[in-house]
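So the structure is just underneath, and the comments pick up after that.
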Amino acid sequence: MNKLLLIDGNSIMNRAFYGIPDMTTNDGRHTNAIYGFLNIILKVIEEEQATHICVAFDLKKKTFRHEMYEAYKGTRKGMPEELHEQMPRIKEILQAMHIRIVEQEGFEADDLIGTLSKKGEREGFAVTILSGDRDLLQLATDTVLVRIPKTKHGKTEVEDYYAKNVVETYGVTPLIFIDMKGLMGDTSDNIPGVPGIGEKTAAKLLAEYGDLDGVYAAVDSMKASKMKQNLIENKDLAYLSKTLATIKLDCPIPFEFSEATYNDPFNAEAYTLFEDLELKSFYKRFSVEKKEELTFETVLIDEIDGYNALLAKLQKAKEVSFAWITQDGEALGVAVCMDLEHVYLIRFMMFITEAMVADNLLALSRDYQVQLACMHVKKLLSFLNFHEEDAVFDAGLAAYLLQPNQSEYEYDTLAKVYLDVTLPSDKEMLGKEKLGYFSFEDEKVQKWMAYQAIVPYKIKSVLREKLKETGMESLYDEMELPCLYALYEMEKNGIRVDGEALHQYGKKLRTRIEELTAEIHAMAGEEFNINSPKKLGEILFEKLGLKNGKKTKTGYSTSAEVLEKLTNAHPIIPRILEYRQLTKLNSTYAEGLAGYIRADGRIHGKFHQTVTVTGRISSADPNLQNIPTRMPLGREIRKVFIPEEGSVFVDADYSQIELRVLAHMSGDAALIAAYQADEDIHAITASQVFDVPLDQVDSTLRRKAKAVNFGIVYGISSFGLGQDLDISRKEAEGYIEKYFATYGKVKEFLDRTVEDAKKNGYTVTMFGRRRPIPELASSNFMTRSFGERAAMNAPVQGTAADIIKIAMVRVNRRLKEEHLQSKLVLQIHDELIIETKKEEVEIVQKLLVEEMMHAAELSVPLLVDANVGNSWYDAK
DNA sequence: CGATTCACG
DNA sequence: ACGTACGTGAATCGG
């Protein structure tokens with residue numbers, strides 16, 4: 001039997017738009033509704049095994065029913081621009097997929113669907129209707145199925161309704177469902193209904209009196225009530241609502257279903273559209289031949305004569321790009337490119353050794369003035385001994401500066417953004433295949449290797465040009481590129497950790513954790529997983545009946561913030577808080593860090609340079625930038641980080657660098673003066689904001705003022721500040737106003753920053769680093785507000801990040817220039833740690849403080865605190 | 001694999 | 001009216 005699927009295009013697009021978080025293409029076109037729409041309909045098409053499909057859309061022109069409603073209530077909300085722009089695109093896609101689109105001027109999508117559904121039934125189709133709108137339930141019959149997708153926790157579930165299911169759920173037949181809408185209305189569909197009558201009352205009335213006419217025939221005999229009054233007063237409204245809710249079944253349909261067959265949806269034409277919109281998750285459905293968009297020849301070099309001939313050519317080249325091919329830390333070969341027509345794949349072997357090729361590459365830069373380019377220089381440095389001076393172009397790093405909000409910078413993404421060429425990704429090409437000697441003979445792997453050399457070759461000039469255009473060329477050349485070498489050295493150096501001390505620390509924690517576990521289980525009266533917020537919530541708020549439990553999303557919140565308010569409500573609470581703290585310390589730090597200690601007794605974490613949107617460095621595997629310090633017990637962990645014999649740690653950190661940057665960038669005289677006089681900034685702020693003489697500012701007031709200062713840097717909101725200080729939004733509002741009255745230029749600066757960001761689409765740091773903030777253009781209040789706060793924060797956080805990068809680069813240079821044996825080991829945003837030979841302590845400390853202080857000339861001094869110690873704990 | 005929680009600046 | 005502070009990474013749970 002033929003299956004007809006009728007899709008309510010507008011309502012499904014609408015559902016998808018609000019159900020799927022914002023998604024955009026690289027050039028900023030929104031695709032979330034398109035993505036969600038396609039996911040829903042493809043899922044249903046598959047389930048239904050549909051043979052014929054129609055997707056109905058409203059046309060822009062107002063319909064009769066709109067006009068009736070607007071006559072009643074004035075305006076109707078238009079759709080947000082982000083959704084609006086997706087409508088023509090989804091239609092294009094459907095057309096390309098040979099899926100029938102139905103539109104009629106003067107008719108809404110549901111009228112068309114109603115008509116088509118009847119026509120389909122008459123012609124012997126099994127009809128299914130897919131809509132996000134419950135209005136369509138009136139079309140359900142014994143054979144016509146209405147399906148309504150719901151997004152639950154990110155997953156789409158579909159509710160199915162035949163006539164009998166409508167009766168089960170709403171107590172009325174589909175036809176009477178229209179009368180029900182007339183009584184209860186439907187806010188989402190702009191149907192007013194009778195005031196005071198909701199689902200329950202409407203269902204009761206209709207069960208008793210049959211339909212709307214029945215209700216009004218009997219209305220006079222009802223006993224006096226508010227409801228009766230409402231019914232009588234709003235009779236016209238009820239009938240108007242019914243008319244509004246009634247779907248037409250007699251629209252003109254100028255085509256036959258034979259023109260709506262579902263056939264060959266995943267064709268080449270559709271593929272180019274999917275590609276254009278970067279809807280990658282659908283690519284695998286297409287079996288079309290992907291056309292090769294980069295044409296080149298791969299040449300395998302695996303004997304010495306060929307290699308020598310190639311080398312001679314490379315030495316004469318001006319620009320050479322390369323990709324070091326590795327597997328599990330072992331080098332297999334290198335792909336090299338010096339023109340657009342060829343990629344040479346050099347396979348390491350007996351007579352073409354890794355060491356030899358590495359030396360030759362280095363010599364290209366140093367002896368033959370060849371400009372080298374590749375993808376991720378830092379990753380290569382353990383194989384290739386390049387230095388800062390070699391200035392190897394790093395395509396990933398350049399691309400990061402241009403678009404720091406991307407999640408990765410692999411060859412396929414870069415090719416798409418900068419060459420408008422779609423290449424298969426790592427995953428698509430290799431899957432889980434392990435590379436080896438014979439991979440050089442596998443055509444697919446050859447391509448993959450080649451891409452990584454030819455992409456940087458091709459995009460280098462594009463990236464250079466864009467860096468110039470955006471004023472970020474010197475940022476790239478003088479800050480980011482040199483910084484990469486300092487970061488690599490920190491990774492290589494690692495930091496020494498006393499494994500035995502770490503083990504003892506963990507043991508101490510675990511003893512206490514066991515005690516707490518037993519006590520908590522005893523108090524709860526059962527054994528349960530304390531680590532499961534879900535279980536814990538049930539125990540606390542249901543079994544033990546603790547009140548509050550207010551913060552929810554997918555259950556009760558059991559965050560420390562909530563639990564702390566309940567500390568005195570039950571003795572189990574403080575134990576859970578302690579348990580949480582200890583298990584965190586144990587699993588993340590005691591046990592977590594232990595797993596990273598290498599044979600040299602040191603932890604070699606990674607420092608990522610292309611992760612954060614603001615320009616900061618991030619740390620991972622393990623994260624060495626979040627080692628505890630705020631709580632005494634956690635801080636103890638820092639005792640296990642120790643220098644090697646004969647060395648100490650010299651640790652230096654900036655004092656309030658972000659607020660100082662703010663003082664400078666805003667030019668606020670009061671703030672600048674306070675810093676120039678080396679005043680206690682939080683105390684001064686307290687005195688100003690709370691109208692208290694400076695000598696009467698107590699610790700509580702100072703703490704509050706500190707929160708205000710932090711809030712300013714974070715992009716202040718009265719709600720956020722209120723939350724942090726546990727005061728009312730109103731009160732927080734007062735603090736902020738007082739702050740801005742004191743530091744007027746700061747307000748001007750923040751306002752100007754947001755305004756410029758809205759105009760340009762990005763913010764800029766003192767050193768020209770940009771942060772795009774697409775959220776500022778959103779029509780969604782929440783999203784836009786976030787963008788505004790981010791815009792206030794980014795120049796400040798970003799400039800501070802720039803400054804410490806400059807300091808790192810200079811410190812690292814001086815350590816080398818002055819032939820010191822001390823080495824950088826950690827960077828924690830505003831802090832640098834140098835493992836320092838004892839005989840170098842004085843000079844290193846001086847050098848470190850000097851370079852940090854003078855990394856930037858601001859209108860306020862950059863103060864640096866420095867300490868020396870035999871562990872990280874002691875040096876701070 | 002997303003949500004929750006929590007460690008840091 | 002909308003419901004949040006800015007920027008990260010890791011462990012854990014549960015679908």
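Chain identifiers are assigned alphabetically (A, B, ...) following the order of the sequence lines, protein sequences preceding nucleic acid strands; residue numbering begins at 1 within each chain.
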Between [options], which nucleotide gets closest to the side-chain atoms of [X]?
X         : options                  : answer
Thr612(A) : dG9(C), dC13(C), dT8(C)  : dT8(C)
Gln581(A) : dC6(C), dT5(B), dA7(B)   : dA7(B)
Arg638(A) : dC6(B), dA5(C), dC8(B)   : dC8(B)
Lys534(A) : dG15(C), dC13(C), dA5(C) : dG15(C)
Lys876(A) : dC6(B), dG9(B), dG7(C)   : dG9(B)
Phe719(A) : dT4(C), dA7(B), dC2(C)   : dT4(C)

(message) If the condition is side chain to side chain donor-acceptor pair (under 3.5 Å), which residues does Lys280(A) pass it with, not counting sequence neighbours?
(response) none

(request) With sequence neighbours excluded, tell me which residues meet side chain to side chain donor-acceptor pair (under 3.5 Å) with Glu81(A). (result) none

Would you mind classifying the nucleic acid contact of [X] as base, sugar-phosphate or nothing, using non-hydrogen atoms under 4.0 angstrom?
X         : answer
Gly711(A) : base
Asn529(A) : sugar-phosphate
Ala794(A) : nothing
Val796(A) : nothing
Arg771(A) : sugar-phosphate
Asn531(A) : sugar-phosphate
Thr583(A) : nothing
Ile828(A) : sugar-phosphate
Ala732(A) : nothing
Phe710(A) : nothing
Ser717(A) : base

(request) In plain terms, say whether Lys876(A) and Asp651(A) are close enough for a salt bridge, that is, a side-chain N and a carboxylate O under 4.0 Å apart. (result)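 Looking at Asp651(A) together with Lys876(A), the answer is no, because their closest N to O distance does not fall below 4.0 Å.
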
(request) State which residues pass salt bridge (charged side-chain N to carboxylate O under 4.0 Å, His left out) with Asp751(A); sequence neighbours excluded, sorted by chain then number. (result)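 By the salt bridge (charged side-chain N to carboxylate O under 4.0 Å, His left out) rule, Asp751(A) matches Lys747(A).
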
(request) Could I get the full list of salt bridge (charged side-chain N to carboxylate O under 4.0 Å, His left out) partners for Glu737(A), not counting sequence neighbours? (result) none

In whole angstrom, give the distance that lies between atom [atom1] of [X] and atom [atom2] of [N].
X         : N      : atom1 : atom2 : value
Leu662(A) : dG7(C) : CG    : P     : 16 Å
Leu577(A) : dC6(B) : CG    : C1'   : 12 Å
Met792(A) : dA5(C) : CE    : P     : 14 Å
Ile833(A) : dG9(B) : CD1   : P     : 11 Å
Tyr556(A) : dA3(B) : OH    : C1'   : 18 Å

(message) Testing the 3.5 Å rule here: is there a donor-acceptor pair between the side chains of Ser532(A) and Asn529(A)?
(response)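 No.
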
(request) Using the P atom as the reference point in each nucleotide, state the distance between dT4(B) and dA5(C) in Å, no decimals. (result)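 Straight-line distance between the two P atoms is 13 Å.
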
(request) Using the P atoms only, state how far dA3(B) lies from dT4(C), rounded to an integer number of Å. (result) 14 Å

Indicate every side-chain donor-acceptor pair of residues 824-831 of chain A with a distance under 3.5 Å to a residue at least two apart or in another chain.
unit_1: Gln827(A); atom_1: OE1; unit_2: Gln625(A); atom_2: NE2; d: 3.0
unit_1: Gln827(A); atom_1: OE1; unit_2: His829(A); atom_2: N; d: 2.9
unit_1: Glu831(A); atom_1: OE2; unit_2: Trp872(A); atom_2: NE1; d: 3.3

(request) Not counting sequence neighbours, which residues clear ring-ring contact (aromatic ring centres under 6.0 Å, His included) with Phe767(A)? List them please. (result) none

Using a cut-off of strictly less than 4.0 Å, decide whether [X] has a side-chain nitrogen or oxygen near OP1 or OP2 of [N].
X         : N       : answer
Arg580(A) : dT5(B)  : no
Arg630(A) : dG9(B)  : yes
Ser559(A) : dT5(B)  : no
Thr614(A) : dT8(C)  : no
Ser587(A) : dT12(C) : yes

(message) Go through it in stages, so that I can follow the logic: the residues are Gln656(A) and Tyr675(A), the test is side-chain hydrogen bond (donor to acceptor under 3.5 Å, both in side chains), and I'd like the CA-CA distance, side-chain angles, deciding distance and then a yes or no.
(response) CA-CA 10 Å; Gln656(A) 298 168 347; Tyr675(A) 273 121; 2.9 Å; yes

(message) Taking the six-membered ring of Tyr488(A) as reference, does the cationic atom of Lys378(A) (NZ for Lys, CZ for Arg) lie under 6.0 Å from its centre and within 45° of its axis?
(response)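 Not satisfied by the 6.0 Å and 45° rule.
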
Atom pairs and distances, donor-acceptor, side-chain atoms in residues 537-544 of chain A, under 3.5 Å, two or more places apart:
unit_1: Glu542(A); atom_1: OE2; unit_2: Tyr556(A); atom_2: OH; d: 2.9
unit_1: Lys543(A); atom_1: NZ; unit_2: Ala524(A); atom_2: O; d: 3.0
unit_1: Lys543(A); atom_1: NZ; unit_2: Glu526(A); atom_2: OE2; d: 2.9

(request) Runs of at least three consecutive Watson-Crick or G-U pairs, both distances under 3.5 Å, are what I'm after; which ones involve DNA chain C? (result) B:1-9 with C:6-14

(request) Indicate the atoms forming the closest heavy-atom contact of Leu577(A) with Thr567(A), along with that distance. (result)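 Closest approach of Leu577(A) to Thr567(A), heavy atoms only: CD1-OG1, 4.2 Å.
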
(request) Return the residues of residues 620-629 of chain A meeting this criterion: a heavy atom under 4.0 Å from some atom of DNA chain B. Order them by number, or give none. (result) Gln625(A), Asn626(A), Ile627(A), Pro628(A), Thr629(A)

(message) Once hydrogens and angles are ignored, does a donor-acceptor distance under 3.5 Å link the base of dT4(C) to the side chain of Arg789(A)?
(response)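 Answer yes: a donor N or O sits under 3.5 Å from an acceptor.
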
